[in-house]
Structures are given as structure tokens and as C-alpha cells.
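Every value quoted in this text rests on a predicted model; they were computed, and no experiment measured them. Chain letters run A, B, ... following the sequence lines, proteins first, then strands; residues in each count from 1.
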Amino acid sequence: MRNRELASIFERIADALEFKGENVFKINAYRKVARVLSDMAEDIETVWKEKRLQSIPGIGEGIAKKIDEFLTTGKMKKYEEAMGGVPEDILSLMDVSSIGPKTLRIAYDKLGVRTREDFVKVLEDGSLASLQGMGEKKVQNIKKGLEIYERGHERISIGEAFPLVEEIISSLKKRFPTTRFTPCGSLRRMKETIGDIDITADSKEAKKVVDAFISMESVSEVLGAGETKASVLTPVGKRSLQVDLRVVPEDCYGSCIQYFTGSKAHNIHLRTLAMKKGLKISEYGVFKDEKKIAGRSEEMVYGTLGLPWIPPEIREDSGEIEAALEGALPELIGYSDIKGDLHIHSNYSDGASSIYEIAKKAKEFRYEYICITDHSQKARYAGGLSPSKLAERNKECERVEKEVGLRIFKGIELELTPEGPDYPEEILQELDLITLAIHQRKKDYDFTSDAISAFPYIHIFAHPTGRLISGREEYKIDLKTIFKEAARNNIILEINGYPDRLDLSDINSREAKKYGVKFSICSDAHNKDKLSQTRFGIGVARRGWVEKSDVINALPLEEFEKWLREGRKRDD
DNA sequence: GCCGTTTTCGGCCCGACTGTTTTCAGTCG
């Protein structure tokens, strides 16, 4: 998958051209294609091989040629040409908040700035501030931008961002009980990582809400505040996260949350559609000439364009608008469709909660069943269960099942071993459900055939790529082969809700669906309070266009048991 | 550089905030 690589090349070209003061629309064309590429579910190499490059919106003759050149030769003349004469440091400074191409251009031309050190120097010695159009405050803002950038500009996981936003909103709700607050942006779209948080509120007393927002306890710094909007920083661990609030009147709440939910690509596509109908969309509503014709609700905004409401998770301009126009939107798996969690660790292995506590909590979620999947014996580091300990745990499952009145399946998270199953056949027989997982790291070792060789004795393949969002790369595995074999052998692929995993990803899930793969969406909880993590997995699944009928643990108990008995019948 | 039921040329999403200005440019989302 070279989509991201190409996207960053086009992004860099855009940066360089912007610095050089090229035509703004040409620059935007490069930015657009970069965005399209990084959001695209399909592998650009496949599209290229099938000579369909120009069927992708944003790719015309010129950019198609450049992609062709890059995929053929590994180089792109335009890239080298654009980068020529632009110092690397200058380009990277463009990622800093408050520093734009115009500022850098002036510093480059008038003060001879070529490196980051040069730039810091002209900030400090006052020479930048003395230039026409610059000033002391501007310099202060740039310094602040640099500080924030250096403190770490990486995104935080949705698992960290979610509780934070819930806390902010509930504190504002206390003061403004009748005001609606909606978190928008990538959080509402359930992206796996969040760059910043956008909250929209409706109120007639905008200034009061803004004031309450910037004086919250959790605010470490106010970046800006006006009559209707404000930006603040709030600490998250060692870093800090930007939170933006906008307050609008009730009659444009819908268009406002629509606008700030994005994605940018989705909105641009919508506006183009509106333009063709002689309409204009902004965050304040849909307008025909000067007359406002919608804005109160998102449904009305989409309605004026002849579209049904589109779920936020798929607003990426990756085919959802076309599908909506054709009346062919998918029926996405819903947040309350999951009937049971099939990946939970108890305190028999490396979990923190007892099976009883987990079962009680699961009842609160209105689950009809759960499966306890402690680690198998080979996973010593995670308290892997010896055969006798496993037998003891199984008895505990049966006891709690009766006591709590919740169906509890006896499961295992089975380590992959090249020699075969981690337990003898008779022990596996005593289990209801077997989930395969790979936790080992062998450099350059391809796990594809090992995983497939385990398929005859497993039901589910958990976190199939092994990636950790915070850093660890996925292990080597050929996903296309896995998808094909999983579909053929009725092996369920897991969409793991653990925020640092979210594996399969949205892109991989959407790809897997094309092969006819079915999914289980689970929490991978290590204590009872983490059962709610499943919602992040559902978010990923929705982003991957996964439908309710694709999800095995959306089945009610009786049908799920039937599937366990019959659905898993093998050819052999 | 892309794109087309207004166009193969001439458009290209749009508004708030900030700071430096005295009517606006730059930056951001």
C-alpha cells in the first residue's frame, strides 16, 4: 500500500509551491489529491495497474502521469523540481501553527532565513517583528506555535480523547443544562487518532458559554477567544490537546455540526454538489440566493441536496456521497447492535476483574452472552493458563453463568505455535470458542502460512495485523491471502476495540468485506470497566462500511449458538 | 492542476479571528 507515501509527496509539493508563491488553485489541486490518496480504501497500485487512475476524483492527466512515473521509476521529476531551492527546514516550519508560507517567504527574502536556527534567531532578536506587516504579537504567537509543536504534535488515541470530551461537555452542561453540545471533527467520525477536538454548541448567549469554556479548570492555556468561538489547550498526559468550541444559534446548529464534523473532503464534495444546484452551503445553513432554506438539522442540510443523512463515520468522500445519491448507503452496524463480547481477559490470566465482576458489568450492557478468552499456556508473560488452571477457570465460568444468569462461553486466546495448537486436542474440546492471536515478534518472519495452518481448530482470528497505533509496526502477514482463506473457511476476523490496536483498521475491514469475511467486534478488555471499549471497535467497523449482517456477535444468543454448532462445519 | 446540465476556458468552499492596519492580509479550520 503506497497511498500514504504518494500522499506525503504531493503534500510536500504543495508546501513547496506555496512557499514559491505559485498559483493557489494548483496548490490546492495537489493538496486535494494528497487527501484523496490518504483517505482511499483501495490500493493505488491496483488502480494504477488497472489503468483507472483518472477515474479517481482529483486525479487528472497531469497527476496520473506523475503517479505513473513514480510507481514505474520510484522517482518524480516534479517533486524534485518543486523542492529545488527550498530548504527542508523551511518546509517543516510550515507545519507549525501561526507560521504560513507568506511569513516564511518574507523571512527568507528579507532576512536571509534558511534554517530553523535562522528562523528562531530572527524571532528572538526582533528583526522579524520590525518588518512591514509583522509585529511583536505576531512573533509571540509564532513562538507559542513552535513551543506547542516541539512539545509534541502527535495525535492522541480516540480512547484517550473520548473520556476527555465527555468530561468537558458534562462540566459545561452543568452550567447550561438546556444547551446542546456536540463533539464534531474526527472524534465524531470515530477516527482511530484525534488531532484536536471541535465542540459545537447552540445558545443565544454565545459569549457566556465561551467564557465558561475558557475558564474551565482543565484549561491550561487560552489560544484565542472571541464572541462565538474559542480555542484552548488541555493537558493529556505529557502532551496537550487543542479544544475548539463554537457557539451558534439554534437555527443553524445542524449545518454547523455538519460543517465541523467534516471530513474536509466530504464537505468540499457536498459544496460542489450544492453549487450545481444553485445552492450555497456554509456552517450557517444552506442558501438559495440570499434565502436560507435549511440549517436547523443535519437531515435538512443533506435533504436540500437530495441526499439521505449520511453517518459521520463514513463521511470521507470515499464513495458515500455517490452511494447516497443512488440510495445505496450501507446499513452500518449500530452501537447497540452488539449482543455479546467475545474477547475478554479475566483475573485467571492477565485481567484485573473476576469473571463474576465481568458478567455483572456485561449485564449492564444488556449483553446476552460473553466469552472469557484468557491467554493460553505459552503466553507466560500474560499469565497463560496451564491445563489444570484452565479446567478450574472453566468451572468458574459455569458457576458464574448460573449465578448471574448470563450465558458465558468458555474461550481461550490461543497462541500461535509453528508446532500446532498450544493445548492437546482433548483440552480444546472442552472449550466453546477458540480465538487465535499472534503476539510474537520475529523480524521479517511471514506469519501467513502459520496463521492459516491454525484455521482448522479456531473460530476467530484476533487483531490480525498485530499493529499498535502508538508505535509497533504490524507483523508480516499477507492480508489478501488471510481474507480469502478466512472467507473460505468461515473464520471470523476480529475488529479489536482496544484503542491502541483497533485492528483490523477501517481500511482493512472494508477490504476484507469485499472477500465476504465476517467479523466479531470485541473489547479485548483487561478489566470490567474496559468492556465499553467495544464502541471504538464499532466505530472502526462503521468507518469500514461493515453492516450488521457482517457481524457474528450481533446475532442473538440462540442464533449465535446455532452458528457455533453448525456454521463452523468444515469440508474435511 | 482539475473539471464541466452555465464553461474545453475560467472558474476553483467559506467565514472567524488576530494583528496590523485605518480597510485588510494571513492563518486556520
Rounded to whole Å, please give me the gap between [atom1] in [X] and [atom2] in [N].
X	N	atom1	atom2	answer
A:Asn267	B:dC12	CG	C1'	16 Å
A:Leu93	B:dG26	CG	C1'	16 Å
A:Tyr259	B:dG15	OH	C1'	7 Å
A:Leu223	B:dG19	CG	P	11 Å
A:Phe25	B:dC3	CZ	P	16 Å

Take atom [atom1] in [N] and the same atom in [M], then report the distance between them in whole Å.
N	M	atom1	result
B:dT7	B:dC2	C1'	14 Å
B:dT21	B:dC13	P	31 Å
B:dC9	B:dC14	P	25 Å
B:dG1	B:dT6	P	27 Å

Which part of the nucleic acid does [X] contact within heavy-atom distance under 4.0 Å: base, sugar-phosphate only, or nothing?
X	result
A:Asp198	sugar-phosphate
A:Met134	sugar-phosphate
A:Ile27	nothing
A:Lys264	base
A:Ala274	nothing
A:Lys137	sugar-phosphate
A:Val96	sugar-phosphate
A:Asn141	sugar-phosphate
A:Lys65	nothing
A:Thr103	sugar-phosphate

Query raised in the report: Does the side chain of A:Lys26 get closer than 4.0 angstrom to OP1 or OP2 of B:dC12 through an N or O atom?
Result: no
Query raised in the report: Is the number of heavy atoms from other residues, nucleotides or ligands under 6.0 Å of A:Lys513 NZ greater than 12?
Result: yes
Query - Opposite nucleotide pairing with B:dC17, Watson-Crick or G-U, both atom distances under 3.5 Å - result: B:dG26
Query raised in the report: Pick the nucleotide of DNA chain B nearest each of A:Thr228 and A:Ile99; which residue has the one closer to the 5' end?
Result: A:Thr228
Report task. With DNA chain B as reference, determine whether A:Asp196 or A:Tyr284 sits nearer its 5' end, using the nearest nucleotide of each. Result -> A:Tyr284
Query raised in the report: A:Leu111 pairs by side-chain contact (heavy atoms from CB on, under 4.5 Å) with which of A:Ile106, A:Asp125, A:Leu128, A:Asp118?
Result: A:Leu128
Query raised in the report: Cut-off 3.5 Å, side chains only: do A:Asn496 and A:Gln533 have a donor facing an acceptor?
Result: no
